[in-house]
Amino acid sequence: MAKARVKAPKKAKAGDIVTIKTLITHKMESGRRKNKKTGEVIPRHIIDKFTAKFNGETFFSSDWHGAISANPYMSFSFKASKSGEFEFIWHDEKGEITSKKSKLVVA
Amino acid sequence: MTKMKVEVLDRRQFVVASGAGAAAIIAGFSSAANATPEKAAEWIKKLTNGAKATEGKIKVDLPEIAENGNTVPIKVSVESPMTADNYVKAVHLIAEGNPAPELCSFYFTPMSGKANAATRVRLARTQKVIGIAVMSDGKVYMSQTQVKVTIGGCGG
Amino acid sequence: MKNVKSKRGWKLTSIALGSTLMVGAMAIEVIAKDWGSHEVDGRRSGYTYMTDETRAVQDDNFENPGMLWVENGEALWSKAGANGKSCASCHADPEKDMKGVMPAYPKFDKRTGKMISLEQMVNRELVEKMGEKAEKFDSKKMLSLMTYIGNISKGMPVNVKIDGPAKPFFEKGKAFYYQRRGQLDLACSNCHEDNPGKQIRANTLSEGQINGFPTYRLKWQKPGSVHRRFRGCNKNVRAKPYKAGSDEYVNLELFVKWHGRGLPVETPAVRN
């Protein structure tokens with residue numbers, strides 16, 4: 001199972017633009033590496049889609065290719081308007097999904 | 001009060017050593033020989049539906065010299081009010097010198113507040129990284145950033 | 001903006017403070033930078049030889065990918081072994097119990113009459129106190145426990161005992177460090193003592209310190225053990241590498257740790 005970390009603020013004022021940072025363990029095997037001993041190509045296995053939602057609505061997403069570094073890091077912005085819940089979803093090519101939630105209170 | 005030390009490297013004693021390291025490193029990289037700017041151009045055409053790109057608005061930050069091509073920090077920002085009728089829809093990052101030029105695409109919404117994003121990418125060699133921004137009105141902007149990638153990896 | 005004239009008479013302009021630039025075959029280093037705790041009596045952590053971008057990744061507790069292993073180690077701490085016990089059963093307050101552990105290893109071990117590395121100590125705990133099997137030095141579980149234990153001592157100065165019963169082992173490690181080896185006939189000291197700050201192909205040589213281990217290496221794209229690094233450095237000069245956990249490497253580790261005495265624990269450091 002991939003392990004994810006998210007740094008998102010818990011509190012914000014309406015109109016604040018906040019930065020969210022995410023990190024997940026994944027080899028991001030590009031399919032371009034060879035096994036040093038056998039010479040065989042190591043099969044490609046990557047996370048290909050990252051989605052960030054707020055109250056169920058996607059506000060940021062990203063397509064990833066084999067050139068995203070192992071243990072992918074991604075940061076992006078969000079404009080706070082009301083209280084609610086973030087959901088961050090990593091989709092891997094083999095269909096495995098990792099998700100993480102976090103609450104935001106807007107004063 | 002800046003004190004400076006300027007060293008002229010005597011490489012003689014290192015030439016052999018680096019040769020050994022280099023061989024090991026090159027073995028680890030699959031050939032980048034099939035990387036062509038044409039491939040990148042094709043990909044860009046696909047992403048933009050052939051729309052003409054204007055220089056400007058988009059800024060891609062990369063280290064001038066990347067210490068290791070495996071993990072190069074990259075940051076983009078696009079000038080835009082990010083309102084419901086004027087925002088950045090997508091940013092695509094393309095590495096002209098990678099065997100597969102696609103790096104990643106970001107999709108923004110007015111809820112993003114700012115068209116900013118950062119990640120870390122693999123760059124096979126010294127090259128140009130192209131950023132393409134697609135706006136909500138269909139306009140396309142682009143930027144090109146040169147990055148020098150050192151073949152890191154000595155010392156095991 | 002500064003103009004610097006090198007010995008070869010090339011003129012260089014606009015040198016950023018604290019960074020190492022390469023122009024042709026020259027390395028220019030600006031030494032005015034105050035490295036704070038990363039420099040002790042002229043000994044400098046590998047941190048000071050990295051680029052600003054790499055240092056920024058290490059410094060940000062969130063962006064530092066090694067922290068994923070630290071978190072995993074924290075979770076493993078209370079995971080029960082085959083006999084139902086976990087590390088937490090006996091070390092209930094790891095933040096306190098494990099503080100100062102990383103800076104003090106390798107230690108002299110009365111039971112075997114030799115030095116013991118921290119990985120070997122963790123393995124002893126896993127096997128004898130929890131009924132688990134021993135882990136390889138670079139297994140996910142070992143690296144997680146090691147980065148977690150190391151991170152607890154972050155900022156504490158490295159401080160190994162080299163006198164008393166440790167003395168003969170220290171001497172062996174020291175001899176290893178200064179022994180030329182491999183087809184390239186180079187000792188650790190030829191690179192890391194004689195030439196830090198200089199370029200070796202595309203790398204800036206550091207002093208080869210181990211205060212940041214396990215370090216997350218951009219090249220490895222994961223954390224790795226001290227012994228993995230030693231193996232790499234031995235292979236680079238085409239010398240026979242020893243096994244992780246071999247007496248040779250544990251003794252060498254003792255010497256290298258002393259070599260960087262006083263430098264702060266940076267686990268998990270980020271290196272290129």
Side-chain angles (χ1 to χ4, degrees), chain A residues 9 12 14-24 26-37 39-42 44 46-82 84 86 104, chain B residues 24-25 27-32 34-35 40 43 47 66 68-78 80-84 87-124 127 129:
Chain A
D16 280 359
I17 295 173
V18 300
T19 300
I20 296 169
K21 296 180 176 183
T22 65
L23 198 58
I24 186 163
H26 201 285
K27 288 208 169 103
M28 294 297 284
E29 203 54 74
S30 65
R32 296 190 166 269
R33 282 203 320 152
K34 282 191 182 147
N35 181 318
K36 272 189 208 138
K37 290 200 183 94
E40 276 167 46
V41 173
I42 304 170
R44 173 179 149 130
I46 65 167
I47 296 178
D48 56 4
K49 184 94 198 168
F50 170 77
T51 309
K53 296 182 174 184
F54 187 71
N55 287 345
E57 194 178 340
T58 300
F59 66 91
F60 173 82
S61 67
S62 182
D63 292 339
W64 295 358
H65 299 275
I68 294 288
S69 306
N71 306 309
Y73 166 76
M74 188 154 284
S75 79
F76 45 91
S77 306
F78 174 73
K79 188 173 184 179
S81 61
K82 52 181 186 285
F86 290 114
L104 174 74
Chain B
I25 294 148
F29 261 107
S30 71
S31 158
N34 57 345
W43 177 246
L47 291 167
N68 188 299
N70 269 339
T71 317
V72 184
I74 186 166
K75 214 159 72 183
V76 302
S77 57
V78 188
S80 162
M82 294 305 275
T83 55
Y87 66 97
V88 182
K89 270 176 118 157
V91 165
H92 308 289
L93 296 176
I94 297 111
E96 214 181 57
N98 270 13
E102 319 75 65
L103 294 177
C104 63
S105 298
F106 303 116
Y107 303 97
F108 302 97
T109 65
M111 279 166 83
S112 303
K114 275 186 199 158
N116 286 357
T119 184
R120 303 199 270 247
V121 295
R122 297 173 172 142
L123 297 177
Q127 57 176 290
V129 171

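Everything numeric here is computed off the predicted structure, so don't read it as measured data. Chain identifiers are assigned alphabetically (A, B, ...) following the order of the sequence lines, protein sequences preceding nucleic acid strands; residue numbering begins at 1 within each chain.
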To the nearest 0.5 Å, tell me how far [X] [atom1] sits from [Y] [atom2].
X	Y	atom1	atom2	answer
W64(A)	C104(B)	CH2	SG	9.0 Å
T83(B)	K79(A)	OG1	NZ	8.5 Å
Y73(A)	I74(B)	OH	CD1	13.0 Å
N71(A)	T71(B)	CG	OG1	8.5 Å

Judged by atom type as modelled, is there a donor-acceptor pair below 3.5 Å linking the side chain of [X] to the main-chain atoms of [Y]?
X	Y	result
S75(A)	A117(B)	no
S62(A)	S105(B)	yes
S77(A)	A115(B)	no
S69(A)	R120(B)	yes

TODO: Counting only heavy atoms closer than 4.5 Å, note whether V76(B) contacts chain A via side chain, backbone, both or neither.
DONE: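 Nothing of V76(B), per the 4.5 Å heavy-atom cut-off to chain A.
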TODO: Please check if the distance between the ring centroids of F60(A) and Y107(B) is under 6.0 Å.
DONE: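 No, they do not, as the ring centres are separated by 6.0 Å or more.
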Task: Nearest heavy-atom neighbours spanning A67(A) and E102(B) - done: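 Closest approach of A67(A) to E102(B), heavy atoms only: CB-O, 3.9 Å.
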Task: Contact listing (chain B partner; residues 50-58 of chain A; heavy atom under 4.5 Å) - done: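 Expected list: F54(A), E57(A), T58(A).
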- [ ] May I ask you to name which of K21(A), M74(A), H65(A), M28(A) has the most heavy-atom pairs under 4.5 Å with chain B?
- [x]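 Counting heavy-atom pairs under 4.5 Å, the top option is H65(A).
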TODO: Please tell me if the side chains of I68(A) and L103(B) come closer than 4.5 Å, counting only heavy atoms from C-beta onward.
DONE: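 Side chain of I68(A) against side chain of L103(B), heavy atoms only: no contact under 4.5 Å found.
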Open item on the list: If you count heavy atoms of other groups shown closer than 6.0 angstrom to NZ of K49(A), is the number above 12?
Closed with: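 More than 12 within 6.0 Å, yes.
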